[in-house]
Amino acid sequence: MSHAVINPATEQEIRTVELTSAEETDAAIARAEAALPAWRDVAPGDRARLLRRFADAVDADIENLARLEVANSGHTIGNARWEAGNVRDVLHYYAAAPERLTGKQIPVPGGVNVTFAEPLGVVGVIVPWNFPMPIAGWGFAPALAAGNTVVLKPAELTPLTALRLAELAREAGIPEDVFQVLPGKGSVVGQRFVEHPAVRKVVFTGSTEVGKQIMAGCAAQVKRVTLELGGKNANIVFADADLERAAATAPYGVFDNAGQDCCARSRILVQASVYDRFLELLEPAVKGVVVGDPGQEATEMGPLISAEHRQRVASYLPDDTPVAFRGSAPEGPGFWFPPTVVTPSSASDPLLTEEVFGPIVAVVPFADEAEAVAMANDTAYGLSGSIWTSDVGRALRVSRGVEAGNLSVNSHASVRYWTPFGGFKQSGLGRELGPDAVEAFTETKNVFISTEGS
Ligand code: TAP
């Protein structure tokens, strides 16, 4: 079976990709298992060198990878270059890990006690369509660095950059069976990662709904799992903030990648005393977002990923929705959707509770700090958020009060490869990136060596 890969900005077919069957997935997992002993035994410095070579191969291919992503996913060329660069940087960062996977020597009577950081085995990485390159790299780079072999399933809609990354790995000298990319359906390939006993860990990024099924499936084998799931993130704007900056940047905190971002700040909570002024400032900022051909340097927002997804996003705007104002979007072919600002009045409105995953933002007022924190936390999710204030004490109090894994003050930055990333509550389980992520790809083994004479 094959899948026609569509350019979401033009609706033209780019090429077809063969879908991996359940039997082919099992065969790939068997090869990954067979490749494990040799990969685990590669000297730490040599494994590090191979990962650095892989990073260099990605670096030399950035423009090609970025153009592939523009065509396959409709990402703006600026974002797509950043995403390819992120894979390079994550590989370089974790290339420093193999020689640093130290254990501990723990004092015990009658001998020596040491711990080892052992690789888990075959790791299955399941990637969504919204950030095909970075999310793949956050899984495979630390997994490979720790001595695991990897099978990776890109989203059916967006396989092209992952397939290219597998070619670059081979060019860099990483053995073919150590890192395999298996395009296909979640219900086939992803499901085998969950069920196959040789896969010892599943790294899943995607919807909370599917994440729960993955976790339940993995429980049957006590399989390790990392989950990076949805978000309904709050951008909290206090009256003492630099309102001009808060309003000018808010569109980019939610409409980046057309809102198809787990970290999208899709709820803007504004202190009531400056609510009207904030909306006045927000309107020109939203109308100024440049929506169009993602391959053009000046474009700030591209299309949605598919016709089906556009329909889902549009379903959040029934006729009686209080739409404050909208930006622009091209007419004609492509899955376009204009940036849209809504002002729902009920806290239970789906626009305030559900992850829309499109360019729609809800703006609502709050009275004081306590209410802002309560509203921010009034969600099953807990991934990210922003706090705009000029009061350092308030910034820290609110940061500690909001139940989310990644917060930024007077900024919307969420991701740096050297800081931990992940969610509270139903936004996920475990952390990716940062100095500790490699540990999530190892088991601690404790060994006692007796020094007693025989
Ligand atoms: P999902 O529908 O959950 O799909 C994610 C991946 O899982 C795809 O590769 C999909 O395969 C696969 N999959 C689907 N059903 C499966 C099953 N039963 N067993 C194993 N794998 C299965 O999510 P999506 O719509 O692509 O992505 C959007 C979601 O991802 C949003 O909720 C977003 O917030 C979340 N997300 C979270 C983060 C972080 S870091 N927290 C980052 C990005 C996105 P197919 O290709 O067949 O669909």
Side-chain angles (χ1 to χ4, degrees), residues 1 3 5 17 19-20 22 25 72-73 75 83 86 90 124-139 151-160 162 181-196 199 202-218 223 225-233 254 256-266 304-306 308-310 312-313 354-358 379-385 404-406 414-415 417 419-434 437:
M1 232 170 59
H3 172 78
V5 180
V17 168
L19 298 181
T20 312
T25 305
N72 190 169
S73 308
H75 290 197
E83 291 159 18
N86 182 258
V90 169
V125 181
I126 302 176
V127 181
W129 47 258
N130 65 330
F131 288 110
M133 280 192 278
I135 291 172
W138 303 355
V151 284
L152 182 141
K153 191 200 92 65
E156 193 181 357
L157 294 174
T158 56
L160 299 189
V181 170
L182 312 175
K185 289 186 181 298
S187 54
V188 178
V189 181
Q191 187 65 21
R192 287 309 294 154
F193 290 2
V194 172
E195 289 168 350
H196 198 302
V199 176
V202 173
V203 178
F204 172 81
T205 304
S207 61
T208 296
E209 190 191 344
V210 175
K212 287 176 185 173
Q213 293 169 28
I214 303 265
M215 191 173 175
C218 286
K223 190 171 287 196
V225 65
T226 297
L227 302 173
E228 294 288 1
L229 310 174
K232 188 69 191 173
N233 312 294
V254 58
D256 193 55
N257 206 27
Q260 304 165 119
D261 182 342
C262 51
C263 290
R265 274 66 166 167
S266 56
L304 293 171
I305 190 68
S306 66
E308 192 190 355
H309 187 56
R310 180 169 61 176
R312 188 179 161 269
V313 172
E354 294 182 19
E355 183 182 47
V356 176
F357 227 54
T379 166
Y381 297 111
L383 188 57
S384 69
N406 298 85
S414 292
V415 171
Y417 60 83
T419 60
F421 180 78
F424 278 34
K425 301 196 285 187
Q426 294 191 30
S427 283
L429 190 70
R431 291 291 178 273
E432 296 191 294
L433 301 178

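Read the numbers this way: they start at 1 and go in the same order the structure lists the ligands and their atoms. Residue indices begin at 1 and follow the sequence shown.
- For ligand 1, the atoms lying closer than 4.0 Å to a non-hydrogen atom of Gly190 are 20 (C), 21 (N).
- Residue contacts with ligand 1, taken as heavy atom pairs separated by less than 4.0 Å, involve Leu383 solely via side-chain atoms from C-beta onward.
- Counting atoms of ligand 1 from 1 in the listed order, those under 4.0 Å from a heavy atom of Gln191 are 18 (N), 19 (N), 20 (C).
- In Leu229, the part holding a heavy atom less than 4.0 Å from any atom of ligand 1 is the backbone.
- Here the closest heavy-atom approach between residue Asp261 and residue Asp256 is recorded as CB-O, 4.3 Å.
- Inter-residue side-chain proximity for Ile126 and Val210 is flagged as unmet; no heavy-atom pair is nearer than 4.5 Å.
- Comparing Ser306, Cys262, Ser207 against atom 23 (O) of ligand 1, the shortest heavy-atom distance belongs to Ser207.
- A distance-only check finds no donor-acceptor pair linking the side chain of Ser427 to the backbone of Leu229 [under 3.5 Å].
- Closest to atom 35 (C) of ligand 1, if we only count protein heavy atoms, is Gly206 O, 3.0 Å.
- The closest protein non-hydrogen atom to atom 25 (O) of ligand 1 is Trp129 NE1, 3.3 Å.
- In the displayed structure, Lys185 atom NZ is contacted under 6.0 Å by at most 12 heavy atoms of other residues, nucleotides or ligands.
- With a heavy-atom cut-off of 4.0 Å, Phe131 does not touch ligand 1 at all.
- Taking each heavy atom of Leu433 and Val415 in turn, the nearest pair found is CD1-CG1, 4.0 Å.
- Inter-residue side-chain proximity for Asn406 and Thr419 is flagged as unmet; no heavy-atom pair is nearer than 4.5 Å.
- Lys223 and His196 make their closest contact through NZ-O, 2.7 Å (heavy atoms, listed as atom of the first residue, atom of the second, distance).
- Distances from atom 19 (N) of ligand 1 to the heavy atoms of Cys263, Gly217, Gly186 put Gly186 nearest.
- Nearest protein heavy-atom contact of atom 34 (O) of ligand 1 is Glu355 OE2, 2.6 Å.
- Remark: atom 4 (O) of ligand 1 lies closer than 4.0 Å to no protein heavy atom.
- Polar contact with ligand 1: absent for Ser427 (N/O pair, distance under 3.5 Å).
- Nearest heavy-atom pair, Glu355 versus Tyr381, reported as atom, atom and distance to 0.1 Å: CB-OH, 4.1 Å.
- Under a 4.0 Å criterion applied to the non-hydrogen atoms of Ile214, ligand 1 contributes the atoms 19 (N), 20 (C), 21 (N).
- Heavy-atom separations between Val194 and ligand 1 are all 4.0 Å or longer.
- If you check the side chains of Ser414 and Arg265, you find a donor sitting under 3.5 Å from an acceptor.
- Counting protein heavy atoms under 4.0 angstrom from atom 27 (O) of ligand 1 gives one or more.
- Less than 4.0 angstrom separates some heavy atom of Asn130 from each of these atoms of ligand 1: 43 (C), 44 (C).
- Heavy atoms of Phe421 approach ligand 1 to within less than 4.0 angstrom.
- Side-chain contact between Glu432 and Val203 is present, with heavy atoms from C-beta onward closer than 4.5 Å.
- Taking 4.5 Å as the limit, every side-chain heavy atom of Val189 sits out of range of all side-chain heavy atoms of Val151.
- Residues Val202 and Met215 are not in side-chain contact: their nearest non-hydrogen atoms beyond the backbone lie 4.5 Å or more apart.
- Close approach of ligand 1 to Gln213 (heavy-atom distance below 4.0 Å) involves ligand atoms 18 (N).
- Shown in contact with Lys185 at under 4.0 Å from a heavy atom are these atoms of ligand 1, numbered in order with element: 47 (O).
- With contacts defined as side-chain heavy-atom distances shorter than 4.5 Å, the pair Glu228/Pro128 does not qualify.
- Counted by atom type alone, Asn72 and Trp129 present zero donor-acceptor pairs between their side chains at under 3.5 Å.
- Nearest protein heavy-atom neighbour of atom 7 (O) of ligand 1: Phe204 CE1, 3.1 Å.
- Protein heavy atom nearest atom 46 (O) of ligand 1, with residue, atom name and distance: Glu156 N, 2.5 Å.
- Within the 4.5 Å cutoff, side-chain heavy atoms of Trp138 are placed close to those of Asn86.
- In terms of protein heavy-atom proximity, atom 15 (N) of ligand 1 is nearest to Val210 CG1, 3.6 Å.
- Which of Ile126, Val125, Leu152 comes nearest to atom 12 (C) of ligand 1 through a heavy atom is settled by distance: it is Ile126.
- Neither the backbone nor the side chain of Gln260 has a heavy atom within less than 4.0 Å of ligand 1.
- Considering backbone and side-chain atoms alike, Lys153 places an N or O below 3.5 Å from some N or O of ligand 1.
- Each of the atoms 6 (C), 8 (C), 9 (O) of ligand 1 lies under 4.0 Å from some heavy atom of Val127.
- Residue-level proximity to ligand 1 for Ile135 is carried by the side chain, the only part with a heavy atom below 4.0 angstrom.
- Counting only heavy atoms from C-beta outward, the side chains of Phe193 and Thr25 approach each other to under 4.5 Å.
- Atoms of ligand 1 lying under 4.0 Å from at least one heavy atom of Thr205, given by number and element, are 5 (C), 36 (N), 37 (C), 38 (C), 39 (C), 40 (S), 42 (C), 43 (C), 44 (C).
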